Structures are given as C-alpha cells and as structure tokens.
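Structure first, commentary second.
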Amino acid sequence: MTDFVENFMAEVRAKNPAQPEFHQAVEEVVASLTLVLEKHPEYRKAKIVDRIIEPERVIMFRVPWMDDQGNTHVNRGFRIEMNSAIGPYKGGLRFHPSVNLGILKFLAFEQVFKNSLTTLPMGGGKGGSDFDPKGKSDDEVMRFCQSFMMELFRHIGPNTDVPAGDIGVGGREIGFLFGTYKKLRNEFTGVLTGKGLNWGGSLIRPEATGYGAVYFAAEMLATRGETLEGKTCLVSGSGNVAQYTTEKILDLGGKVVTLSDSGGYIYDPEGIDRNKLAYVMELKNIRRGRISEYVEKYSAATYTPVQTTTHHNPLWDHKAECAFPSATQNEINEVDAQNLVKNGVYVVSEGANMPTTPKGVDIFLDKKILYGPGKAANAGGVAVSGLEMSQNSMRYGWSREEVDRKLHGIMKSIHTSCIQASEKYGTPGNYVNGANIAGFIKVADAMMDLGIFG
Ligand code: NDP
Ligand code: 2IT
C-alpha cells in the first residue's frame with residue numbers, strides 16, 4: 001500500500017505542478033486511506049479517491065479595483081468548488097498576498113473532510129484572492145470586495161455555494177460582499193456566513209473556531225482524565241481564531257502566554273488575562289495594529305521579531321503543556337515540533353488549517369501526544385456556519401447559549417468519530433487517521449449512492 005501512495009502521489013504531482021500545499025494535504029489523507037481501501041474494494045473500483053481529489057469546478061477571475069488615489073490595480077480571484085456530494089459547497093474566502101491556486105485547493109480539499117465531520121450537510125469549497133487588506137483603507141477594501149463579488153455572485157447561492165471568512169476576511173469584508181450580492185441579485189438570502197447579527201448572522205459564529213478548538217483540546221485531555229485548568233498554553237496568531245481560543249482557554253482556567261502575527265510574537269510570562277485580551281482585540285480588530293505594540297502597554301512581556309525564512313519559530317520554544325497554532329499553514333516544522341515536545345507540550349489542537357508540516361506531524365504521532373489535526377479541531381467555525389445557514393432557512397435565530405451548546409455537542413461528536421474510526425482501522429489514538437477516515441467515509445458513501453457524477 002505504500003507503493004500505492006507513492007504511485008498515486010507521483011500522478012498528483014505531475015498533474016498539479018507547483019501546488020506543494022495541495023500535494024501535502026492529499027498525501028496525508030491518502031496515506032490514512034490505505035487502511036480503508038484495503039477493506040473496501042468498492043471504493044477502489046469506483047475510483048473514489050481519484051475523483052475526490054479533483055475539484056468539481058475551479059473558477060478563476062480578474063478583480064480590478066481602484067485605490068484612494070485613483071490608481072487601478074488588478075488582483076486574481078478564485079473559488080474552488082471541490083465536492084458537493086453531501087451538501088452545497090461551503091468554505092471560507094482568504095484574502096492574503098500568498099493566495100494562489102494550490103493553497104486554495106489544499107484548503108478546499110481539507111474542507112470536504114472537515115465539513116463531513118461536523119455532522120451537518122455541507123460540501124467543501126474555498127476561495128479568495130491575493131489581495132492584501134493590510135494597510136488599505138475601509139473604502140479600498142469595500143471597492144475590492146464589490147469588484148470581487150461582481151464576478152463571484154454568478155457562481156454562488158444559498159443552495160449552491162456558501163462562502164464565509166478566513167484569513168483577511170472578517171465581519172467587515174463579509175458585510176461589503178453581502179451588500180454587493182444583495183444588490184446584484186435583489187435577494188436577501190443566507191449566501192454567506194459570518195454575517196453581522198443585524199443582517200442574518202448567528203450568535204457565536206465569531207467565537208466558534210477558537211471555542212471549538214479549545215473544546216476539542218478539552219475532549220482530548222478528558223481521555224486522560226485531565227482538564228485545561230492550570231495549564232500553560234502557547235497560542236500563535238492574533239486574529240479571529242487566536243482571540244477566541246484565548247478567551248475560551250481563560251474560561252476553562254488555563255493560562256495563555258503567547259500571541260503572534262506575521263511580524264513576530266509576544267511572550268507574556270504573567271499570562272494574557274481578560275483585560276489584556278480586550279486590548280489585543282481592540283488593537284487588531286479596530287485599530288488594525290501590530291502585536292509588537294502589546295509590549296509598549298504591558299512591560300512584563302517581550303516581543304521577538306520572527307522572519308518567515310528562519311528554520312524554526314521561537315514561539316514554540318517555551319515551557320507549556322498545550323499549543324494552539326492559530327495563524328497559518330506550515331507554521332510548525334520538525335524543529336518546532338521537537339521543541340514543543342521537549343518543553344513539555346503534550347496537547348496540540350490546531351485552530352489553523354494544516355499548521356504542522358508532515359515531519360512535525362510524525363513527531364507528534366511518534367511521541368503519542370494528544371494531537372488534534374485542523375480538520376477536526378477547527379471544524380467548530382464551519383459547524384456554526386452550518387447552524388447560521390439553518391437559522392437563515394428558518395428565518396429564526398437561536399440564543400447564544402443554544403448555539404454554544406450545539407457547537408460543544410458537535411465538537412464532542414467529532415472527537416468521538418475520530419476516536420472510533422482510529423480504533424476501527426487499527427491505529428487507536430491517532431486523530432489524523434481518525435479524522436481523515438471518518439470524514440472520508442461519509443462523503444465516499446454519498447458519492448457511491450449518487451453515481452459517477454456524485
Ligand atoms: P485572521 O486574518 O483573523 O488572523 C490571521 C492571523 O494569523 C493574524 O494574526 C496574521 O498576522 C497571522 N498570519 C497570517 N498569515 C501568516 C503568515 N503567513 N505568517 C505568520 N502569521 C500569519 O484569520 P483567522 O484567525 O480567521 O485564521 C487563522 C487560521 O485559522 C487560518 O489558518 C485559517 O485558515 C484558520 N481557520 C479559520 C476559521 C475561521 O472561522 N476564521 C475556521 C477554521 C480555520 P498578520 O496580521 O500579520 O497577517
Ligand atoms: O477553514 C474554515 O473552516 C473556515 N475558514 C470557515 C469556513 C466556513 O464556511 O465557515
């Protein structure tokens with residue numbers, strides 16, 4: 001079967017050149033699936049794996065926009081409609097200069113399995129642009145979003161494809177995108193999630209990814225009879241996921257000592273308490289400042305600039321029990337993974353998508369730490385997006401407690417699915433195999449039922 005993976009990956013690489021992140025995401029899943037394919041010749045016969053790695057549709061388009069000085073710019077827009085076997089395409093939009101076809105294909109591919117794990121009826125998709133919102137005025141961001149939606153609107157719809165946020169796309173961007181869609185279609189529908197509360201959004205959606213990643217960590221710890229109470233946690237990023245991860249860790253009695261952005265990270269040995277978190281939220285969400293400013297306000301903390309080209313990230317080299325990578329893909333390499341384990345970390349719950357390199361993952365699995373991969377641990381965001389879709393369809397809104405209770409239940413159920421699948425296929429405690437297999441089987445069975453186009 002390892003021959004199978006090698007041969008399969010050689011074809012994937014040849015057919016999808018210059019998409020290393022997509023290759024990485026596919027290889028991890030296909031390696032897990034060898035355990036399933038041996039027992040299920042029907043999946044092999046129906047070429048389910050060959051079909052599941054091929055997007056149903058890729059849309060790529062020009063996004064022209066004008067800056068405040070009247071200069072014209074052109075960015076590239078994408079939407080990857082990966083798989084709709086179990087529901088409408090669903091997944092976020094990322095606005096970041098690093099965005100390209102391969103990165104969005106990796107994200108769309110992971111989204112298929114993640115959405116399947118949530119228990120809700122959502123297919124997988126992802127989109128975005130290489131536009132950089134950083135340093136742009138609100139008006140520039142608005143004009144960009146309007147231009148982006150001017151093309152995207154003809155491809156999406158509440159029963160077809162429902163985008164949401166991701167890196168660089170938060171409430172502000174979703175507002176401009178939704179306003180443009182509404183104007184173009186003359187329709188008020190749940191075509192996007194992550195909407196504002198006054199115009200169709202769900203309570204707890206902003207919190208959901210971070211809260212979910214912490215609920216998932218709590219479930220993993222419970223398998224050893226432990227809780228987050230008193231545990232020291234390393235969190236990376238300082239955006240949506242990092243902020244609400246920090247908030248929920250505080251709720252559960254843990255201590256967060258790091259946060260970061262693309263410039264570097266802060267280490268606060270006294271812990272980031274609720275007041276400091278409120279400061280970070282204001283700094284990042286309202287003032288759109290840099291995390292380095294934290295140390296000007298809180299002198300016990302230190303700021304360390306980090307080059308993305310360095311061979312390891314010192315953020316992951318502090319004593320702690322838990323780590324919540326919440327910034328971006330491949331932010332933990334094998335040196336970082338070794339440092340984490342060396343410093344006592346034995347819980348890693350991934351808020352970000354694919355934040356650990358394959359060699360880093362191997363270290364976590366070898367050491368048998370509690371390692372929750374992104375497609376399980378960060379599924380809370382899209383799960384509450386699914387709940388937002390349900391509320392929009394009903395034209396009704398659930399209370400904060402109701403949505404949080406449902407989110408908590410979904411995270412527990414994802415954890416159970418991972419445990420059960422990893423045991424059934426002979427690798428107990430391996431959440432990577434568990435998530436890949438449990439996510440796959442539901443989609444694969446639907447594809448079998450729907451015939452060759454499914
Ligand atoms: P935000 O844009 O709100 O925040 C992103 C954070 O990560 C910022 O602090 C940003 O720093 C940092 N970051 C981004 N790119 C890099 C980079 N290349 N190197 C170092 N730091 C970087 O995004 P989110 O919090 O929404 O997303 C964070 C992660 O969580 C992503 O992997 C995303 O795919 C994943 N995710 C998000 C979900 C959601 O609901 N939002 C759901 C599931 C997963 P800076 O400000 O300098 O750019
Ligand atoms: O990666 C993800 O799951 C997200 N960015 C959220 C997707 C969504 O549709 O809420």
Side-chain angles (χ1 to χ4, degrees), residues 21 87-99 103-104 106-115 117-118 120 122-128 132-135 161-174 190 192-195 201-202 204-213 235-246 259-266 280-281 283-285 288-292 306-310 313 315 324-332 350-356 374-389:
E21 294 86 1
Y89 308 107
K90 181 82 196 87
L93 296 171
R94 178 177 290 190
F95 291 170
H96 193 270
S98 64
V99 161
I103 288 183
L104 293 182
F106 118 63
L107 289 162
F109 180 72
E110 297 247 306
Q111 199 82 46
V112 173
F113 303 91
K114 183 196 302 191
N115 293 4
L117 284 169
T118 64
L120 303 174
M122 298 181 289
K126 200 87 187 191
D132 187 357
K134 228 176 276 161
D161 184 352
V162 183
D166 192 82
I167 293 176
V169 177
R172 174 182 63 169
E173 290 74 17
I174 294 293
L192 293 158
T193 60
K195 299 187 291 300
S202 174
I204 300 287
R205 177 60 189 91
E207 294 88 342
T209 311
Y211 280 17
V235 177
S236 65
S238 50
N240 172 269
V241 179
Q243 292 169 15
Y244 289 105
T245 293
T246 303
L259 284 172
S260 70
D261 60 24
S262 50
Y265 80 99
I266 55 114
V280 170
M281 287 184 173
L283 171 72
K284 297 304 283 190
N285 309 346
R288 299 187 186 273
R290 309 303 299 157
I291 201 67
S292 56
V306 178
Q307 308 292 330
T308 43
T309 47
T310 53
N313 184 343
L315 187 159
F324 292 84
S326 311
T328 194
Q329 64 273 2
N330 292 328
E331 55 171 315
I332 297 179
E350 294 184 339
N353 285 306
M354 206 169 76
T356 311
K375 59 171 86 67
N378 73 36
V382 75
V384 174
S385 278
L387 300 177
E388 183 171 330
M389 290 167 72

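Values in this document were obtained by computation on a predicted structure and should not be read as measured data. Read the numbers this way: they start at 1 and go in the same order the structure lists the ligands and their atoms.
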query: Going by the atom numbers of ligand 1, which of them fall below 4.0 Å from some non-hydrogen atom of Gly237?
result: 9 (O)
message: Just to confirm my output: which protein heavy-atom neighbour is closest to atom 33 (C) of ligand 1, and how far is it?
response: Asp166 OD1, 3.3 Å
- prompt: Near Ser238, which atoms of ligand 1 are under 4.0 Å from a heavy atom of that residue?
  reply: 9 (O)
- request: Verify side-chain contact (heavy atoms from CB on, under 4.5 Å) between Asp166 and Asn353, making sure each step is shown before the conclusion.
  value: CA-CA 10 Å; Asp166 192 82; Asn353 285 306; 4.0 Å; yes
field: Nearest-neighbour protein heavy atom for atom 20 (C) of ligand 1, which is reported as residue plus atom name and distance
entry: Ser262 CA, 3.6 Å
- line: ligand 1 to Ser326, heavy atom cutoff 4.0 Å, flagged ligand atoms 28 (C), 29 (C)
field: Contact atoms of ligand 1, heavy-atom distance to Ala352 under 4.0 Å
entry: 29 (C), 30 (O), 32 (O), 35 (C)
- request: Pick, from Val280, Val382, Asn353, the option with the minimum heavy-atom distance to atom 32 (O) of ligand 1.
  value: Asn353
- prompt: Does even one non-hydrogen atom of Glu110 get within less than 4.0 Å of ligand 2?
  reply: no
- prompt: Below 4.5 Å, heavy atoms only, C-beta onward: do Val384 and Ser202 meet side chain to side chain?
  reply: yes
message: Counting C-beta onward and ignoring hydrogens, is there a side-chain heavy-atom pair between Phe113 and Leu117 closer than 4.5 Å?
response: no
- request: Kindly give the heavy-atom pair with the smallest separation between Gly380 and Ala208, and that separation in Å.
  value: O-CB, 3.4 Å
field: Asn378-ligand 2 polar pair, N/O distance under 3.5 Å
entry: no
- prompt: Are any of the heavy atoms in His96 under 4.0 Å away from ligand 1?
  reply: yes
statement: Here the atoms of ligand 2 under 4.0 Å from any heavy atom belonging to Ala164 are 8 (C), 9 (O), 10 (O)
- prompt: Which atoms of ligand 2 have any heavy atom of Ser385 under 4.0 Å away?
  reply: 8 (C), 9 (O), 10 (O)
query: Any N or O on Arg205 sitting closer than 3.5 Å to an N or O of ligand 1?
result: yes
message: With heavy-atom distances below 4.0 Å as the criterion, list the atoms of ligand 1 near Ile167.
response: 2 (O), 23 (O), 27 (O), 31 (C)
Nitrogen or oxygen atoms of Val241 and ligand 1 under 3.5 Å apart: yes
message: Quick check: do Glu331 and Asn313 have side-chain heavy atoms less than 4.5 Å from each other?
response: no
message: So, 4.0 Å and heavy atoms of Ala242: is ligand 1 close enough to count as a contact?
response: no
- request: Among all protein heavy atoms, pick the one closest to atom 13 (N) of ligand 1 and tell me residue, atom and distance.
  value: Ala327 CB, 4.1 Å
query: Among protein heavy atoms, which lies nearest atom 41 (N) of ligand 1, and at what distance?
result: Asn240 OD1, 3.7 Å
Student check: side-chain heavy atoms of Gln243 and Asn285 closer than 4.5 Å: yes
task: Could you tell me whether Arg94 approaches ligand 1 through its side chain, its backbone, both or neither, with non-hydrogen atoms closer than 4.0 Å?
output: side chain
Least distance between heavy atoms, Ala379 atom then Lys114 atom: CB-CG, 3.5 Å
message: Taking 4.0 angstrom as the limit and counting only heavy atoms of Ser260, give me the atoms of ligand 1 inside it, by number and element.
response: 9 (O)
- request: Identify, for atom 4 (O) of ligand 1, the protein heavy atom at the shortest distance, and state residue, atom and that distance.
  value: Gly239 CA, 3.3 Å
- request: Would you check whether Gln243 reaches within less than 4.0 Å of ligand 1, judged by its heavy atoms?
  value: no
- prompt: Is any side-chain heavy atom of Glu110 less than 4.5 Å from a side-chain heavy atom of Glu21?
  reply: no
Validation row: Asn378, Val241 side chains within 4.5 angstrom (heavy atoms): no
task: Check whether any heavy atom of Gly165 sits under 4.0 Å from an atom of ligand 2.
output: yes
task: Look at atom 2 (O) of ligand 1 and say which protein heavy atom is nearest, naming residue and atom and giving the distance to 0.1 Å.
output: Gly168 N, 2.9 Å
query: Identify the closest protein heavy atom to atom 46 (O) of ligand 1: which residue and atom is it, and at what distance?
result: Arg290 NH1, 3.5 Å
field: Ligand-side contact atoms (ligand 1) for residue partner Thr328, heavy atom cut-off under 4.0 Å
entry: 15 (N), 16 (C), 17 (C), 18 (N), 19 (N), 32 (O)
query: How far is atom 38 (C) of ligand 1 from its nearest protein heavy atom, and which residue and atom name does that atom have?
result: Thr209 OG1, 3.6 Å
field: For Arg205, atoms of ligand 2 separated by under 4.0 Å from a heavy atom
entry: 6 (C), 8 (C), 10 (O)
- prompt: Side chain, backbone, both or neither: which part of Asn353 comes within less than 4.0 Å of ligand 2 when only heavy atoms are counted?
  reply: side chain
- request: Would you check whether Arg94 reaches within less than 4.0 Å of ligand 2, judged by its heavy atoms?
  value: no
